[in-house]
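See below for the structure under consideration.
Throughout, a chain's letter reflects where its sequence line sits, starting with A, and its residues are numbered from 1.
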Amino acid sequence: MTDQITDQTTADRTYQPEAVEAKWQRRWAERGTNQPDLDRAERPFYNLMMFPYPSAEGLHVGNMFAFTGSDVYGRFKRLQGFDVFEPIGFDAFGIHSENFALKVGVHPAELIPRNIANFRRQLTRIGAMFDWRHELSTTDPTYYKWTQWLFLQLFKAGKAYKKAAAVNWCPTCKTVLANEQVVGGLCERCDTPVEQRTLEQWFFRITEYADRLLADLDDKSKMDWSETTTTAQRNWLGRSEGARIRFALDQASAGHVVGGPDVRIEVFTTRPDTLFGATYLVLAPEHPLVDALAPAEAQQRIAAYRDQVARHDLVSRKTNREKTGVFTGAYAVNPATKRPIPIWIADYVLMEYGTGAIMAVPGHDERDFEFAEKFGLDIVRVVAAEGEAADAPLEQAFTDDEAGRLVHSGFLDGMSVPEAKRAIVAWLEREGVGEGVVNYRLHDWCISRQRYWGPPIPVVYCDEHGAVPVPEDQLPVLLPEIEDFRPDDTGVSPLARHEEWYFTPCPVCGKRARRETDVSDTFLDSAWYYLRYPSTEFDDRPFDAARTRKWCPVATYIGGNEHAVLHLLYSRYIAMVLHDLGYVDFDEPFRRFRAHGLIIKEGAKMSKSRGNVVVPDEYIARWGADTFRMYLMFLGPFQEGGDFRDEGISGPRRFLDKVWQLVGDTVREDACDEMRHDVLVKWHQTKKRVTEGLEELRYNTAIAAMMELVNTLREANCCARPVVESLVVMLAPLAPHFAEECWERLGHATSVFEARWPTFDPALTVEQAVEVVVQVNGKTRAKVTVPRDADQAAVVAAALADEATRRFVGEGEVRKVVHVPNRLLNLVVG
RNA sequence: GCGGACGUGGUGAAAUGGCAGACACGCCGGUCUUAGGAGCCGGUGGGGAAACCCGUGCGGGUUCGAGUCCCGCCGUCCGCACCA
């Protein structure tokens with residue numbers, strides 16, 4: 001008897017997470033707790049988190065943090081009565097997997113399923129409410145079949161095309177490298193200087209959508225996104241207003257160019273107002289006009305220069321600022337001054353931006369100034385600051401476009417920069433030598449990769465019919481399982497070596513043709529995965545129309561801000577295209593997006609080399625998933641991240657132990673028949689703070705509010721059932737297994753997730769008697785307790801009854817009284 | 001260089017323009033104990049015996065009142081980076 005009581009007390013005292021968590025994970029699976037009815041759900045809520053790349057190391061604590069934060073929100077919505085769909089999948093194609101596979105010498109097709117199995121185990125262990133029926137992997141043929149289908153839709157709509165583009169090339173590994181594999185101009189594997197090569201690549205015309213992608217960012221009805229993310233996208237799109245100007249060749253140069261008098265060099269500039277100061281032109285080294293322009297005697301130095309440029313990889317070319325270039329030997333005519341100006345080539349002008357050519361205005365552009373100084377080119381001032389002489393010498397480029405007036409600029413003289421811009425654009429248009437345009441920094445999306453581990457681009461090349469799309473009924477074009485998937489020195493994908501696969505009949509004429517050997521970019525896989533989740537069981541369509549209407553767009557999307565630009569922009573683009581092609585009825589895929597913060601460890605970034613990587617499994621094994629979840633959500637604001645320190649985790653664990661005891665008290669006694677008023681108020685305040693905190697993803701303060709409530713209950717010796725039950729419900733999103741177990745102990749036969757989210761009475765969130773801070777000249781001198789909503793006179797009277805207040809007011813006259821009801825009284829004494 | 005975020009105790013962090021440091025960790029003291037790396041109780045920004053004074057990176061400003069708003073610096077982190 002005695003023993004029994006002791007046992008019971010011990011069992012009561014501390015919470016044993018391991019058994020409890022296993023029990024509830026089993027029950028959730030058995031009961032289908034986390035499986036909404038996708039066809040009949042009445043209040044659908046699509047709660048999405050960015051799917052992980054299944055690395056060999058397993059989920060790291062950053063993933064856990066992100067997924068838990070998203071799961072907490074999903075569970076919160078569930079408790080608010082929504083039918084929450086929370087799917088998970090794996091972004092398993094791509095260079096990461098391929099490189100890792102090369103390193104360890106195991107085929108990715110073998111490696112990935114192993115990694116996924118490990119991820120699945122970890123994701124289950126953390127207790128997220130995933131609907132596993134809808135799991136997907138981008139490497140699954142039933143998935144990438146539809147990625148290929150997506151390519152075909154864009155191809156058929158004229159939104160995909162092929163053109164030559166530069167890639168990084170390692171001459172030792174004899175392979176194409178992604179930008180992130182180039183470290184300081186060297187190949188990350190063998191440290192060989194990386195070169196650039198030009199290859200034919202597939203592109204999507206995302207630039208067609210630049211204006212729409214930009215406009216929606218300001219449309220709150222479509223997009224409720226973190227400000228930092230929309231700003232990043234705005235910068236990436238890089239809209240700039242300016243003009244296109246066409247320069248003719250001067251007579252001498254035109255003489256030796258084929259079609260000389262008709263050749264025009266088109267430039268883009270944001271400062272057309274400085275046209276009179278344009279003293280030379282610069283073309284990108286690979287500009288198609290260069291060869292035609294350059295007289296014979298210049299050809300050799302141009303070839304040498306191009307060679308020099310080609311030896312630099314793309315990355316260092318974009319970071320090395322030392323200006324280089326050569327004169328082409330040709331001259332153009334400045335349409336404003338009518339003077340001949342030399343045409344140079346230099347790699348500080350990028351072929352990818354604008355027209356690949358610029359008019360150089362060294363007086364008013366830093367780069368042009370630097371270049372002109374180095375090569376002794378003319379520098380002319382055409383803008384002078386207020387009070388500055390028109391001929392004041394230029395020590396550096398004067399780039400301020402808000403101050404100053406035009407000088408040495410003919411009919412523009414005396415105008416401000418904005419006035420001059422308008423005037424010169426009007427003049428250009430009248431003269432037919434240019435026009436005002438909007439230009440974007442955004443480039444078309446290069447989707448081809450000369451790699452193995454991705455979905456083959458579904459195109460066949462026929463000698464007679466050119467690039468032919470693979471008919472949809474022949475999809476998927478399966479990625480063949482080849483032993484040696486290492487890229488080789490041909491510069492084309494390893495797939496080209498697989499003859500049986502490579503040669504295939506032309507879909508049009510049936511003659512022998514060749515398959516496209518490039519695979520598509522991983523970002524294409526992830527640009528539409530949210531559409532697949534609700535429809536994973538359909539193998540005859542990428543996404544079911546009714547399902548998509550019911551569940552999309554995604555209600556809340558959570559992920560890292562490292563994807564602020566590429567993934568999120570590509571997904572938006574694909575949604576717009578599918579919308580325009582009539583496949584979906586929305587054109588923005590993610591209604592609400594929030595970026596989570598980053599976890600650091602004891603003040604430093606986690607990294608393998610530092611040896612400070614937190615392995616979640618160990619912590620979960622030691623403390624339990626719920627404690628771990630609580631700690632992750634408590635260590636800092638979810639959207640800012642925080643510092644993971646081992647000592648901190650005991651706080652949430654002690655808190656759960658206290659709640660466990662409280663539940664035990666309630667089950668045993670349920671005795672607190674009369675609740676103290678301040679406890680009642682605290683209870684309602686807590687419900688308010690937790691509800692608002694979870695909605696705003698401020699989990700750390702929501703947890704703090706619940707801790708305060710528990711401290712109050714313990715201090716007041718209260719274990720009233722309604723309070724404790726509501727506490728358990730509020731805790732359920734954060735500590736789901738724990739809450740389920742408590743709920744059961746409290747006598748409920750159903751899941752706590754069938755319960756209703758607690759409501760609060762706003763009137764009860766404020767005390768009847770309030771403490772008002774009394775300040776004298778803005779400094780706190782006393783606190784007085786007055787009835788709630790007491791008027792100013794009453795508060796002043798109460799304040800002046802206070803000895804300390806009187807002392808500070810002293811002999812002075814109260815000149816002004818500031819009264820914030822229920823909070824503060826400030827007496828300003830003259 | 002451009003863009004963004006941020007700067008508060010010993011630590012992680014709280015604060016609709018209104019009591020700076022909630023909550024938690026750690027630490028100190030007490031209690032219980034054969035024991036304590038468990039639990040419980042109390043304390044914990046700095047100075048001061050106290051009354052009080054000083055405190056949110058630095059310097060100005062707005063305001064009755066500023067961690068919060070404005071201007072200018074300094075520093076940290078994250079993007080982008082010769083974008084014409």
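- Ring geometry for A/Phe375 against A/Phe371 counts as tilted: the plane angle lies between 30° and 60°, on a 0 to 90° scale.
- Within the 4.0 angstrom heavy-atom criterion, no nucleotide atom of any strand lies near A/Phe655.
- A close approach under 4.0 Å does not occur between any side-chain nitrogen or oxygen of A/Arg244 and OP1 or OP2 of B/rA84.
- When distances are taken from the side chain of A/Arg698 to each of B/rG3, B/rA15, B/rC25, the shortest belongs to B/rA15.
- Annotation: of the two residues near RNA chain B, A/Thr228 and A/Gly636, the 5′-most nearest-nucleotide partner is A/Thr228.
- Using a 4.0 Å cut-off between a side-chain N of Lys or Arg and a carboxylate O of Asp or Glu, A/Asp657 and A/Arg653 qualify as a salt bridge.
- Of the listed nucleotides (B/rC80, B/rA51, B/rA84), B/rA84 has the atom at the smallest distance from the side chain of A/Thr269.
- Contacts of A/Arg239 with the nucleic acid, taken as non-hydrogen atoms under 4.0 Å apart, are absent.
- Here B/rA24 is the nucleotide among B/rG4, B/rA20, B/rA24 with the atom lying nearest to any side-chain atom of A/Met707.
- The side chain of A/Thr231 sits closest to B/rG3 out of B/rG12, B/rG3, B/rA15.
- The distance between atom CD of A/Glu352 and atom C1' of B/rC80, rounded to the nearest whole Å, is 15 Å.
- Residue contacts shown for A/Asn235 are limited to sugar-phosphate atoms, with no base heavy atom under 4.0 Å away.
- Per the geometry, CH2 belonging to A/Trp623 stands 11 Å off C1' belonging to B/rC25, to the nearest Å.
- Counting non-hydrogen atoms under 4.0 angstrom, A/Arg689 reaches nothing in the nucleic acid.
- Inspection of the A/Thr324 and A/Tyr305 side chains reveals an N or O donor paired with an N or O acceptor under 3.5 Å.
- A side-chain donor-acceptor contact under 3.5 Å links A/His364 to the backbone of A/Val383.
- The residue A/Pro637 sits close only to the backbone: its heavy atoms come under 4.0 Å of sugar-phosphate atoms, none of a base.
- Nucleic acid contact class of A/Glu227 (heavy atoms, under 4.0 Å, all strands): none.
- The pairing partner recorded for B/rA15 is none, the criterion being a Watson-Crick or G-U wobble arrangement whose two distances lie under 3.5 angstrom.
- Dashed line: the shortest gap from a side-chain N or O of A/Arg645 to OP1 or OP2 of B/rA24 is not under 4.0 Å.
- A side-chain donor-acceptor contact under 3.5 Å links A/Tyr619 and A/Asp646.
- Counting any heavy atom pair closer than 4.0 Å across all strands shown, A/Glu771 reaches a base atom.
- Nearest nucleotide to the side chain of A/Lys816, out of B/rG12, B/rC64, B/rC19: B/rC64.
- Among the heavy atoms of the strands lying under 4.0 Å from A/Asn711 are primed sugar atoms or P, OP1, OP2 only; no base atom is included.
- When the C1' atom of B/rA15 is taken as reference, atom CD of A/Glu708 falls 12 Å away, rounded to whole Å.
- Here A/Asn700 reaches the OP1 or OP2 of B/rA14: one of its side-chain N or O atoms lies under 4.0 Å away.
- Among the nucleotides B/rG4, B/rC23, B/rA84, the one closest to the side chain of A/Phe634 is B/rC23.
- Of the listed nucleotides (B/rC53, B/rC80, B/rC64), B/rC53 has the atom at the smallest distance from the side chain of A/Phe808.
- Note: CG (A/Leu656) to C1' (B/rA24) measures 13 Å, nearest angstrom.
- Rounded to an integer number of Å, the gap from CG of A/Asp646 to P of B/rG12 is 15 Å.
- For B/rG29, the paired base is B/rC41 (Watson-Crick or G-U wobble, both distances below 3.5 Å).
- Distance CZ (A/Arg441) to C1' (B/rC80): 6 Å, rounded to an integer number of Å.
- Nucleotide B/rG67 is matched to nothing when pairs are restricted to Watson-Crick or G-U wobble geometry with both distances under 3.5 angstrom.
- Following rounding to the nearest Å, A/Tyr699 (OH) and B/rA14 (P) show an atom-to-atom distance of 15 Å.
- Between A/Arg781 atom CZ and B/rC52 atom P there is a gap of 8 Å when expressed in whole angstrom units.
- A distance of about 37 Å separates the P atoms of B/rG21 and B/rG3, rounded to the whole Å.
- Taking side-chain N and O atoms only, A/Arg714 has no distance below 4.0 Å to OP1 or OP2 of B/rG39.
- A 3.5 Å limit on both hydrogen-bonding distances identifies no Watson-Crick or G-U partner for B/rA22.
- Checked by atom type and distance alone, the side chain of A/Arg244 never pairs as donor or acceptor with a backbone atom of A/Val437 at under 3.5 Å.
- Contact between the side-chain N/O atoms of A/Arg654 and the OP1/OP2 oxygens of B/rC25 is found at a separation under 4.0 Å.
- Shown here, B/rG7 forms a base pair with B/rC74; the pair counts as Watson-Crick or G-U wobble because both key distances fall under 3.5 Å.
- For A/Thr780, whose side chain is taken as the heavy atoms from C-beta onward, the closest listed nucleotide among B/rA84, B/rA20, B/rC64 is B/rA20.
- Under the Watson-Crick or G-U wobble criterion, with both distances below 3.5 Å, B/rA49 is left unpaired in every strand shown.
- One donor-acceptor pair, N or O on each side, does fall under 3.5 Å between the base of B/rC19 and the side chain of A/Lys783.
- Within the structure, every side-chain polar atom (N or O) of A/Lys779 is placed at least 4.0 Å from both OP1 and OP2 of B/rA20.
- Cation-pi contact between A/Lys323 and A/Tyr348: present, with separation from the ring centre below 6.0 Å and deviation from the ring axis of at most 45°.
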